[in-house]
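Here's the structure we're looking at; comments come further down.
Note that the numbering runs from 1 along the sequence shown for the chain. Whatever order the structure lists them in is the order used to number ligands and atoms, beginning at 1.
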Amino acid sequence: MEIILGRHAGFCYGVQRAVELARKTREDLGEPVYTCGPLIHNEQEIRRLEAEGIHPVDTPPPGACVVIRSHGIGRTDREALQGAARIVDATCPNVTRAQELGTQWYDQGRQVLIFGDFSHPEVEALCQWCGPDTRVVRDLSDLRELPVDRKLAILSQTTQDEQRFRALVGILQAMAPDLVVGDTICRATRTRQEEARELASSCDLMIVIGGRHSANTNKLFSIIWETETPVQHIEQASELRKEWFQGIRRVGVTAGASTPDWITKEVVVAMEELKNETVEEKSAELTMADFDLSSSDESFRVGDIMKAVVVQVGTEEVLVDIGAKSEGVVAARELDNIDEIQPGDELELMLVRKRNKEGAPVLSKKEIARRKYKIDRRRQREEMYQKFDELNASMEEKKEFEVEVKEEVKGGVVVDIEGLRGFVPASHLEIGFVNDLSKYVGQKLRVRIIELDKKKNRIVLSQKEILEEERETLRAETWERLEEGAIVEGRVCRTAKFGAFVDLGGIDGLLHISEMGWNKVEKPEDAVNIGETIQVKVLNVDRESEKIALSLKELQPDPWIVASTAHPEGTLVEGKVLRITDFGAFVEIEPGFEGLLHISELAHERVEKVEDIVSPGDTVTVKIIKVNPEEKKIGLSIRATLDKPEQQPRPKARKKVAPRAESSEFQYSTEEEASVTLGDMFGDLFDKKEEE
Ligand code: F3S
């Protein structure tokens with residue numbers, strides 16, 4: 001078995017510095033020093049430090065020397081330390097930088113978000129530096145109730161996973177474009193995580209060494225877990241199990257940032273010893289172990305789940321009867337809550353070792369949940385892989401799916417496809433550009449898979465591809481049925497100054513403004529609405545240049561024909577004088593139906609000027625005297641509506657009498673006036689005289 005120790009395993013720079021500072025301070029002062037909480041997350045190292053006079057406390061004694069641990073402490077906690085004799089700040093410089101950034105943002109009026117574990121001491125302290133409205137976020141669900149009217153800033157706990165942080169930032173940036181992002185993930189953490197991921201890919205087994213409360217150690221464990229390489233988390237060498245290494249050829253070892261070198265060395269040495277034991281020896285041991293466990297219980301195997309009755313409850317462990325020769329032992333940390341357990345209780349436990357140093361079987365309750373979790377994870381992964389295989393076949397046959405949009409994310413939307421998460425880029429939603437993605441949430445899409453990556457759990461889909469294909473088919477069908485003179489249905493898709501474009505089925509035809517109606521149309525919107533479905537007549541089809549001319553007017557009755565039918569020759573109508581010319585006046589009978597009232601038709605008498613009889617705007621009663629449908633001309637007459645005056649006998653010509661000066665109001669300057677007689681003028685007077 002080959003053992004490979006990660007180059008970056010163990011103490012990071014920040015922890016190393018904190019431990020050295022604490023030791024040096026203790027040495028320089030020659031008296032005990034205190035740390036606010038454990039200096040690092042490693043019980044074994046803390047016990048060592050305590051033995052050296054470095055004590056973790058919640059509240060340091062007044063006047064004591066206090067060392068601030070690498071995670072740092074909050075602003076108010078720090079102020080409370082003012083009474084200390086001496087403060088040695090061992091806060092990791094990376095953490096100090098995060099605290100300074102948070103303070104600066106808070107002073108700028110921003111609400112600070114911390115990506116991390118809210119119960120981690122580093123995050124607890126950081127919250128105090130970033131202001132009272134600081135929010136700790138872990139995933140998307142924590143962003144839901146975030147006020148969008150605040151200016152936001154986000155930073156990360158130093159030991160968080162960078163990929164997850166970047167993913168969350170990506171989503172947040174879409175919600176709050178003014179977001180400020182701090183790069184606070186520790187480089188040492190990043191390097192260690194990448195190394196562990198890589199090491200796991202080339203090993204049959206990984207061992208992670210570190211405190212169970214250490215965030216960065218737990219993070220290492222989960223990163224390796226996701227690689228599917230078997231992994232074991234231990235705090236010290238004594239936890240190594242021989243059976244883990246059966247059949248293992250290459251084992252990788254990594255350690256959290258608060259794991260001292262001496263523990264890592266112990267683990268590696270213990271593994272070397274295990275490695276040197278032969279398979280035969282191991283088999284012999286196991287046979288003996290089986291025998292020792294109970295001659296009548298040879299069927300007990302590591303991994304068996306069994307009922308056990310509690311015999312004795314201690315502070316560190318519980319003894320149980322499992323029906324074997326020896327009582328089984330369950331460590332307190334392997335139970336849910338030791339305080340609630342009483343002798344006589346029945347517990348469901350898993351056998352994790354056949355015997356410890358004392359020969360007692362070792363059992364665990366938590367291991368049942370861990371094992372179940374692992375089995376569930378494996379099953380889920382297998383199911384997922386199977387679905388990917390099925391989806392791959394669907395992708396090859398270009399199968400169409402109907403999916404529901406779950407959420408809007410940066411650059412597209414997330415959908416649920418066969419229980420898996422799929423992504424539809426904004427550019428693949430529609431044929432055209434999509435601006436507002438939010439309107440798709442909750443909507444159904446018709447999609448096709450265009451990219452699939454099982455390892456990256458990535459499914460990319462497109463609705464646009466389907467729509468484009470359908471449009472092409474539709475276009476071909478539309479060209480087939482389009483011919484001059486055909487009446488077709490289309491949807492008004494857009495308007496321009498000169499007309500409107502009508503979608504006839506994948507092809508747009510032009511409905512020119514002059515073809516929108518018989519009367520003058522000022523602007524296209526007066527005749528058609530965008531989105532409206534209309535019937536149009538195809539005037540012209542140019543297949544080469546793909547231009548189609550349409551007409552709406554052609555489908556409407558010619559108002560001139562309608563009006564002329566309604567008003568035949570001989571009818572009397574009322575009309576409005578539109579304009580006058582030297583030769584007559586134009587009179588509108590109905591909108592778009594006007595005729596000529598010739599000057600000769602204005603009166604029986606001779607008319608010198610048209611305006612002597614009619615003016616524009618006048619309403620006149622006219623008779624339709626002529627209708628010419630070919631030339632669309634109508635002749636009108638007022639004269640024909642008037643009675644013909646009786647012919648007056650023409651008086652005899654009389655000698656012109658020169659007017660007297662005193663009778664100057666009677667002047668006969670014209671021939672007609674000269675023909676007036678005294679009798680014409682004073683006839684009434686003469687008639688009266690005769691009666692007298
Ligand atoms: Fe500092 Fe990074 Fe270590 S933040 S404490 S150097 S893990």
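Atoms of the protein (N, O or S only) found under 2.8 Å from atom 3 (Fe) of ligand 1 are Cys12 SG.
Counting only residues at least two apart or in different chains, ring-ring contact (aromatic ring centres under 6.0 Å, His included) contacts with residues 53-75 comprise Tyr34-His55, His41-His71, His71-His120. For residues 155-176, the set of pairs meeting the ring-ring contact (aromatic ring centres under 6.0 Å, His included) definition, not counting sequence neighbours, comprises Phe115-Phe165. For residues 181-210, no pair satisfies ring-ring contact (aromatic ring centres under 6.0 Å, His included), with sequence neighbours left out.
Under the 4.0 Å criterion applied to side-chain N and carboxylate O atoms, Glu162 and Arg190 are assigned as salt-bridge partners.
In the displayed structure, Phe423 atom CZ is contacted under 6.0 Å by more than 12 heavy atoms of other residues, nucleotides or ligands.
Between the side chains of Arg192 and Thr254, no donor N or O sits under 3.5 Å from an acceptor N or O.
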